[in-house]
Amino acid sequence: DKPLQYPIVRRDDTVIDDYHGVKIADPYRWLEDPDAEEVKEFVQEQVKLTESVLKACDTREKLRETITKLFDHPRYDAPSKRGNKYFYFHNTGLQAQDVLYVQDSLEGEAEVLLDPNELSEDGTVSLNSYTISASEDAKYLAYGISKSGSDWVTIKVMRIEDKIVEADTLNWVKFTSIKWTHDSKGFFYGRYPTPKEGENLDAGTETNSNLYNELYYHFMGKNQSEDILCWRDPENPKYAFGADVTDDGKYLLLYIGEGCDPVNKVYHCDMSAFSDGLEGFKGGKSLLPFTKLIDNFDARYHEIANDGTSFTFLTNKDAPKYKIVRVDLKEPSSWIDVIPESEKDVLESAYAVDGDKMIVSYLSDVKHVLQIRDLKTGSLLHQLPIDIGSVTGISAQRKDSTVFIEFTSFLTPRIIYQCNLDTGVPDLKIFREISVPGFDRTEFHVDQLFVTSKDDTKIPTFIVAKKNIKLDGSHPCLLYGYGGFNISLTPSFSVSRTVLTRHLGAVFCIANIRGGGEYGEEWHKAGSLARKQNCFDDFISVSEYLVSAGYTQPKKLCIEGGSNGGLLVGACINQRPDLFGCALARVGVMDMLRFHKFTIGHAWTSDYGCSDKKEEFGWLIKYSPLHNVRRPWEQHPEQPSQYPPTMILTADHDDRVVPLHSLKLLATMQYILCTSLEKSPQTNPIIGRIECKAGHGAGRPTQKLIDEAADRYSFMARMLGASWNE
Ligand SMILES: O=C(NCC(=O)N1CCC[C@H]1C(=O)O)OCc1ccccc1
């Protein structure tokens, strides 16, 4: 087909930065201002170009229709018991946002408690978080709402008995949980300072850096201006604060983090020592009096339970695959192991249940294993018999003897198990099973392979495909990856992926590359900082394996990733443009020299490093997608290849990874590969899909999710030459 008409975009060649003596041009710096008319025009031009390409993708409507139909099935999440009531989310199928229900008993009549779909016409207002006041009765629902997918949250409070929404409204809130004191008089939450300059700096389109986080306590019935400032640390503007109130209502725990590494400080405050609760701290005279238990960033500590001053923590201190430890606040330097570190498996989470037990979840070769253990001794009581797959949620409280477990896998949409611990041997009963009409799991097969990477590291790789495919290299293949921030890609069910494998004959793969948490902190570190290139080597090795083993061939292989995974895709097409038949880079981090300047980007230096430092600039400049676009036909004249067809996706309210990353890479690729040449060998399209009134992904309404999937995968289908079969 005829070469695309790309817009001619202004380059400002006067913008040249000096990084430790190295001059780096940044001609599209002007694309960093979301409010500039010129940037809005750039976006409009790209939207038009992309629409013209998508119109020619003939599976687009079929995909939209089939994904919509398969998506239209009732979904639930596990119930949570709070006080004397149960709470759970439910979606009838195509509702824009899940709805929060409440019931007096598991069998009782459920009623709608909060329906976010009523908060906006187009479903773009979402429920970001919620917490029920923790006293005996479930008195209040405190909840955070987000608009257009932004990370900014407005906290509201509803009285549960009559569903009246109180006047209390808290703004400038981001990245926080909500923790009630047990007297239900109020709750702790984290926020950022109200900016001095103009308003509209919490729209979700601004790029201002989020620094100087603060911890507050809100009294019900008061104005936010009367909230108590509990903690802040002006000397350390990158610090972020999290609070927790222990089950006995006595202690306030302060977690202090500085970035995204699994490391934090832990301070504690005995609130029972305050004569009249937190009232005494009104007027902001002083911060709360904390005692420092851990005052360094050597490890992560997460509280599991306490009995008086004896505290049980999950930690990775001297245990990169984590362990459970105990300390008495009265003797803060003597720690004992309760569950020692496992040789092979990662101890991912633990919850106190049934008074004297805990349910622990291990990740073992990227699949979850659940155990019941004695809280005091750590000894193994029961192994819970769950299938190969993922535990995506555990709903448990120490005072309850019943636990709810959310399970999913590639071929299991979701099963919610109910586990009663007060009977001798705990039984796993199916409480609810999500079924997807039209999905027949017997048509598919799942494998887990271990692919050898460039340095001989074994990379776990899941492969999902129709049964009995021939390994003749003929299949379109979608390879998905992430590789960072200690995040593990475990098996999950996806409607759109099911449609691709069923109707496009696609093979779907997940590569558990380094940088994730699949094998604990060593695996995470092996794909971070100076070793970030391992992520790309791993992903490229898995790609080469899929070709050599006969699953697919380069021109039928599509790679996809989001956010840090968008960086993965951007780096891999720069390094091996010949290896892929299509690339989908979603909300990617593409400018590795400037990411730390925008919103919460400064927190990511724990994985990436920072160009402010000479050595770390040296790491970043080598793989930064924006700075490594080069003409393949000039690099390797012997094989005049070109970049694969590439779709770069972003959204105007993405204030996690601001859109400038994608816009600058798009302009750079279109210039270097296409518009700067009279006649360019680059005939594969390089396009941007820029969504409006949408953000990084969380809270995206159902229709927008479906529309984007239809666009992404119909582009992929056309570029891979995949045809639709009923
Ligand atoms: O930024 C993240 N998480 C990392 C994140 O969202 N990243 C990391 C890279 C790009 C993007 C992604 O991959 O989703 O969470 C917010 C936060 C707030 C306060 C302190 C630490 C973290």
Side-chain angles (χ1 to χ4, degrees), residues 128-129 144 146 149-153 172-177 189-193 204 207-215 231-233 236-243 254-265 297 300 302 480-489 513 515-517 524 527-529 532 535 539 560-571 585-592 594-610 620 623-626 649-651 653-662 665 694-700:
N128 173 280
S129 60
S146 300
S150 162
D151 276 328
W152 285 112
V153 163
W172 298 106
V173 173
K174 247 191 195 187
F175 311 130
T176 191
S177 56
Y189 69 98
R191 59 161 289 178
Y192 288 91
T207 64
N208 305 53
S209 190
N210 304 131
L211 294 166
Y212 298 101
N213 188 254
E214 297 167 326
L215 181 72
W231 196 258
R232 67 174 167 189
D233 188 339
N236 295 285
K238 285 178 63 168
Y239 280 13
F241 306 111
L254 176 64
Y255 292 106
I256 301 175
E258 181 172 45
C260 293
D261 264 354
V263 297
N264 59 272
K265 297 182 176 183
F297 290 121
R300 159 175 285 174
H302 176 78
Y480 188 87
Y482 183 77
F485 299 88
N486 188 37
I487 288 178
S488 308
L489 296 182
I513 61 178
H524 168 222
S528 303
L529 301 173
K532 184 66 187 172
C535 306
F539 208 53
E560 180 181 11
S563 208
N564 173 71
L567 156 62
L568 172 69
V569 170
R586 302 162 59 178
V587 293
V589 185
M590 304 304 194
D591 184 344
M592 297 313 291
R594 291 175 62 79
F595 71 84
H596 58 288
K597 296 173 178 301
F598 311 108
T599 63
I600 197 59
H602 63 74
W604 312 337
T605 56
S606 45
D607 256 49
Y608 298 141
C610 181
L620 293 163
Y623 68 78
S624 173
L626 180 65
L649 301 95
T650 186
H653 284 74
D654 186 345
D655 47 12
R656 183 66 65 90
V657 177
V658 289
L660 63 90
H661 287 278
S662 293
L665 179 62
H696 195 55
R700 185 161 295 192

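Side chains are part of it too, since the values below use all heavy atoms of this structure and drop only hydrogens, waters and symmetry mates. Counting starts at 1 for both ligands and their atoms, following the listed order.
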Whether Lys174 and Asp151 form a salt bridge (side-chain N of Lys/Arg under 4.0 Å from carboxylate O of Asp/Glu) is what I want to check. no
Do the side chains of Leu626 and Arg594 get nearer than 4.5 Å, heavy atoms only? no
Go through ligand 1 atom by atom and flag the ones less than 4.0 Å from a non-hydrogen atom of Ala603. 21 (C)
Closest approach of any protein heavy atom to atom 11 (C) of ligand 1, naming residue and atom: Ser563 OG, 2.9 Å
Look at the rings of Trp604 and Phe595 and say which category their plane angle falls in: under 30° parallel, 30 to 60° tilted, over 60° perpendicular. parallel
Starting from atom 13 (O) of ligand 1, what is the nearest protein heavy atom, named by residue and atom, and what distance separates them? Tyr482 OH, 2.5 Å
Can you tell which of Asp261, Ile600, Val657 gets a heavy atom nearest to atom 17 (C) of ligand 1? Ile600
Once salt bridge (Lys or Arg N to Asp or Glu O under 4.0 Å) is applied, do any residues pair with Arg700, and if so which ones, sequence neighbours excluded? Glu708
Contact check: Tyr608 vs ligand 1, nitrogen or oxygen atoms, below 3.5 angstrom: no
Please report which non-hydrogen protein atom sits nearest to atom 22 (C) of ligand 1, along with the residue it belongs to and the distance in Å to one decimal place. Cys260 SG, 3.9 Å
Residues in side-chain contact (heavy atoms from CB on, under 4.5 Å) with Leu211, at least two apart? Ser209, Pro237, Lys238, His602
Could you give me the CA-CA distance, side-chain angles and deciding distance for His524 and Asp607, then say whether side-chain contact (heavy atoms from CB on, under 4.5 Å) is met? CA-CA 9 Å; His524 168 222; Asp607 256 49; 2.6 Å; yes
Is there a heavy atom in His696 that sits closer than 4.0 Å to ligand 1? yes
CZ/Arg586 to CG/Asp654 distance, rounded to the nearest 0.5 angstrom? 11.5 Å
One finds that the ligand 1 atoms under 4.0 Å from a non-hydrogen atom of Gly259 are 21 (C)
Those atoms of ligand 1 less than 4.0 Å from some heavy atom in Val589: 10 (C)
Which option wins on minimum heavy-atom distance to atom 1 (O) of ligand 1: Trp604, Phe595, Phe485? Trp604
Can you find a heavy atom in the side chain of Val657 that is under 4.5 Å from one in the side chain of His696? yes
Can you report which non-hydrogen protein atom sits closest to atom 20 (C) of ligand 1, along with the distance? Ala240 CB, 4.0 Å
Nearest protein heavy atom to atom 2 (C) of ligand 1, by residue and atom, and its distance? Arg656 NH1, 3.5 Å
